[in-house]
Amino acid sequence: MKVKTRFAPSPTGSLHIGGVRTALFSWLYAKQNNGEFVLRIEDTDRERSTQESVDVILEGMAWLGLSADEEPIYQSQRFDRYNEIIDQLLEQGDAYHCDCSRERLDTVRQEQQARKEKPKYDGCCRQRTDVNLNEPHVIRFKNPIDGSVKFDDIIKGSIEIANRELDDLIIRRSDGSPTYNLTVVVDDWDMDISHVIRGDDHINNTPRQINLLKALKAHIPFYAHLPMILGDDSKRLSKRHGATGVLQYDLDGFLPEALLNYLVRLGWSHQDQEIFSVKEMVKLFSLEQVNKSPSIFNPDKLLWINQEYIKMQNDSRLAELVKPFIKMLGIDLNRGPELEPVIQLQKERAKTLKDLAEVCAFFYGTIAEYEKKAAKKNLKTKAKKGLQALYKEFESSAWTQEGIKKSIEGVVERQQLSFGQVALPLRVAITGGAPSPGIDETAFLIGRDQVRKRILNAIIFIDQSNPETPN
RNA sequence: GUCCCCUUCGUCUAGAGGCCUAGGACACCUGGUUUUCAUCCAGGCAACAGGGGUUCGAAACCCCUAGGGGACGCCA
């Protein structure tokens, strides 16, 4: 059997983490079985579907690298096909016209709730033949009344739901448009979807869809219902509930592979392994091993994984990735050293690309202001002599890492100070107090002139902050 | 309310009846390395929801209870 999976979002908002994980698992399953993965845009709700949302989905999938094997399918372009099927169902006697008003439906529902029953359509029009087709009406599917629907979910196991729990769902609205359960069934069938992988909020729809499939004598795909991802209040992640859109993660400086890696570990694991390349995921992922229980989204762990990815990234790729963030900070790369060596030194000090851009900032341009604590601790009158000596020393010393280190050590020795007493003020002088690598390599990259200039500024700063103190 | 699904450290998870005195990871805490921060290293804290069975033996199997989530739309 050829494996074919699909990701079928509705373009009614941002593409969030939950959707992305569903997409990822579907994609992984297709890839590992040499199958196909396709994207289907479920835009039958013309009221709420927007082009912006479609673009966000497309962009998000592209950013993540979850490529589809066919052009995306838009349900809004397949209405003829849906209508054909609805008419067929009508002809077969598996569907019927219903002109119940919304008011009546509401009343019925309320009564049922008052009786503590599950609200369902009562089948009022099921046997009627006198519905006026010139008046507004809908078409409903004749769901079987007896028996039950049973299916083996790859993740959840055997699930059985009695038909008496189901009602006659609307398959064509009064405006003539088809509804979700109908379109899903038709599309999965037409597209030859072998495995339906989706969130477990769809478990309840599955028996309805199977009944529809049976009425159409279509083959029934395998189902795999993924547990939900919940917010830290253990409420379901939804569009208005802490559900950050994927593109925001891009903007925040996350690597797509890191996001994918975090997501693949939500509900799935492979021994004690935490880091998986996309290649490894494809190889090792197993739908059968996906957990049944929901998991809570943990931003701290995402951050950790992102940091791991930043650390293992090669410097040239990282430099490319960080450039947009550098730009956003208004940093002019022409006013300092090459970016790559700077990245190499700073990459273990950043959890996101945004962080990375920030810690690179002091290499370019001048120090606008010192970090308060660092300045208070290190830019004191006591530090002035050392800085003055360094200023002089650096004028002519060899400008290599080694040479810089020797210069500092020379000052330390001559002034009978500890290494820290000299190096720390220097560090604050040239970095402003930002986290930075070894002082010699940092100074080396910043460059002789700039380092000396910054030392001078630090001395001025010391004088200004301690006007009372004589030299 | 009804139906469906779920339940191991705070969080993600390992666990397929004896390997479990329950393992790993994030977070947190303590120490070490270090020239700041980070990295790195060593250590610590911390869980089988509760109750009944089944079994020589149960975190694992069954039942009940409790708790959580989902569905119950002319949304998807």
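By convention in this document, chain letters (A, B, ...) are assigned in the order of the sequence lines, proteins followed by strands, and residues within each chain are numbered from 1. The figures that follow rest on heavy atoms only: side chains count, while hydrogens, waters and symmetry mates do not.
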Fill in: Salt-bridge present (A:D167, A:R140; N to O < 4.0 Å)
no
Discussion item. For a quick check, tell me whether the side chain of A:T179 and the base of B:rC74 share a donor-acceptor pair closer than 3.5 Å.
Written reply: no
Discussion item. For a quick check of understanding: with a heavy-atom distance under 4.0 Å over all strands, which category does A:H225 fall into, base, sugar-phosphate or nothing?
Written reply: nothing
Fill in: N or O in side chain of A:S293 less than 4.0 angstrom from B:rC5 OP1/OP2
no
Discussion item. Here's one to test your reading of the geometry: is the NZ or CZ of A:R265 within 45 degrees of the ring axis of A:Y262 and under 6.0 Å from its centre?
Written reply: no
Discussion item. Is it the case that B:rG24 (base atoms only) and A:E274 (side chain only) share a donor and an acceptor within less than 3.5 Å, ignoring hydrogens and angles?
Written reply: yes
Discussion item. In whole Å, I'd like the distance from the CZ atom of A:F276 to the P atom of B:rC12.
Written reply: 17 Å
Worksheet entry | Sugar-phosphate, base or nothing in reach of A:K116, heavy atoms under 4.0 Å | sugar-phosphate
Discussion item. Mind checking if A:L266 touches a base, just sugar-phosphate, or nothing, with heavy atoms under 4.0 Å?
Written reply: sugar-phosphate
Worksheet item: Should B:rA71 form a Watson-Crick or G-U wobble pair with both distances under 3.5 Å, which nucleotide is its partner?
Response: B:rU2
Practice prompt. Using a heavy-atom cut-off of under 4.0 Å over every strand shown, decide if A:P294 touches base, sugar-phosphate, or nothing.
Written response: sugar-phosphate
Worksheet item: Which of these nucleotides, B:rA76, B:rC26, B:rG1, is closest to any side-chain atom of A:E42?
Response: B:rA76
Discussion item. Checking A:Y309 against A:W304 for the ring-ring contact (aromatic ring centres under 6.0 Å, His included) test, could you report, in this order, the C-alpha distance in whole Å, the side-chain angles of both residues, the deciding distance, and whether it holds?
Written reply: CA-CA 9 Å; A:Y309 272 82; A:W304 172 76; 9.5 Å; no
Practice prompt. Please determine, by modelled atom types, if A:Q307 and A:E348 share a side-chain donor-acceptor pair under 3.5 angstrom.
Written response: no
Worksheet item: Just how far, in rounded Å, is C1' of B:rC3 from CZ of A:R164?
Response: 10 Å
Polar-atom pairs under 3.5 Å, protein N or O versus N or O of nucleotides 37-41 of chain B: list them with distances, or write none.
unit_1	atom_1	unit_2	atom_2	d
B:rC37	O2	A:R349	NH1	3.0
B:rC37	N3	A:R349	NH1	2.6
B:rA38	O2'	A:E348	O	2.2
B:rA38	N3	A:E348	OE2	3.3
B:rU39	O3'	A:K311	NZ	3.0
B:rC40	OP1	A:K311	NZ	3.0

Worksheet item: Side chains of A:N143 and A:D168: donor-acceptor distance under 3.5 Å anywhere?
Response: no
Item to complete: Would you kindly give the CG-to-P distance between A:D272 and B:rU8, to the nearest whole Å?
Response: 18 Å
Worksheet entry | Between B:rU7 (P) and A:M228 (CE): distance, integer Å | 15 Å
Item to complete: State the pairing partner of B:rA27; accept Watson-Crick or G-U wobble contacts with both distances under 3.5 Å, and report none otherwise.
Response: none
Discussion item. Applying a 4.0 Å non-hydrogen cut-off, can you work out what A:R102 is touching in the nucleic acid: base, sugar-phosphate, or nothing?
Written reply: base
Fill in: Any-strand Watson-Crick or G-U partner of B:rU54, both distances under 3.5 Å
none
Worksheet item: So, A:F7 versus A:W27, ring centres under 6.0 angstrom or not?
Response: no
Discussion item. Is there a side-chain contact between A:R265 and the phosphate of B:rU11, meaning an N or O under 4.0 Å from OP1 or OP2?
Written reply: no
Discussion item. By the 4.0 Å heavy-atom rule, please label A:T44 as base, sugar-phosphate, or nothing.
Written reply: sugar-phosphate
Discussion item. Rounded to whole Å, how long is the line connecting atom CD1 of A:I203 with atom C1' of B:rC72?
Written reply: 14 Å
Worksheet item: Will you find, in the side chains of A:R349 and A:Q346, an N or O donor that is under 3.5 Å from an N or O acceptor?
Response: yes
Practice prompt. Determine the Euclidean distance between corresponding P atoms of B:rC20 and B:rC62; express it in Å to zero decimal places.
Written response: 24 Å
Discussion item. Nearest to the side chain of A:S269, heavy atoms from C-beta on, is which of B:rG24, B:rG70, B:rU13?
Written reply: B:rU13
Response to the item:
Atom CG of A:N291 and atom P of B:rU11 are separated, to the nearest Å, by 14 Å
Discussion item. Base, sugar-phosphate or nothing for A:G199? Non-hydrogen atoms, less than 4.0 Å.
Written reply: nothing
Worksheet item: Which whole-number value in Å describes the distance from A:K292 NZ to B:rU13 P?
Response: 15 Å
Practice prompt. Measure from CD on A:Q113 to P on B:rG73 and round the result to the nearest Å.
Written response: 8 Å
Worksheet item: Going by the angle between their ring planes, with limits at 30° and 60°, are A:Y249 and A:F254 parallel, tilted or perpendicular?
Response: perpendicular
Worksheet item: C1' atom, B:rC9 versus B:rA14: distance in rounded Å?
Response: 13 Å
Fill in: C1'-based separation of B:rC63 from B:rC72 [nearest Å]
28 Å
Worksheet entry | Under 3.5 Å donor-acceptor pair, A:N205 side-chain atoms to B:rA76 base atoms | yes
Worksheet item: Can you find a side-chain donor-acceptor pair between A:Q209 and A:T206 that sits under 3.5 Å?
Response: no
Discussion item. Could you tell me if A:D55 and A:Q51 have a donor-acceptor pair between their side chains, going purely by distance under 3.5 Å?
Written reply: yes
Discussion item. One thing to verify: whether A:E42 and A:R6 come together as a salt bridge, which I'm taking to mean a side-chain N less than 4.0 angstrom from a carboxylate O.
Written reply: no
Worksheet entry | Carboxylate-amine/guanidinium contact A:K283 A:E280, below 4.0 Å | no
Discussion item. Each nucleotide in nucleotides 59-64 of chain B should get exactly one letter: B, S or -. Can you fill that in based on protein heavy atoms under 4.0 Å?
Written reply: ------
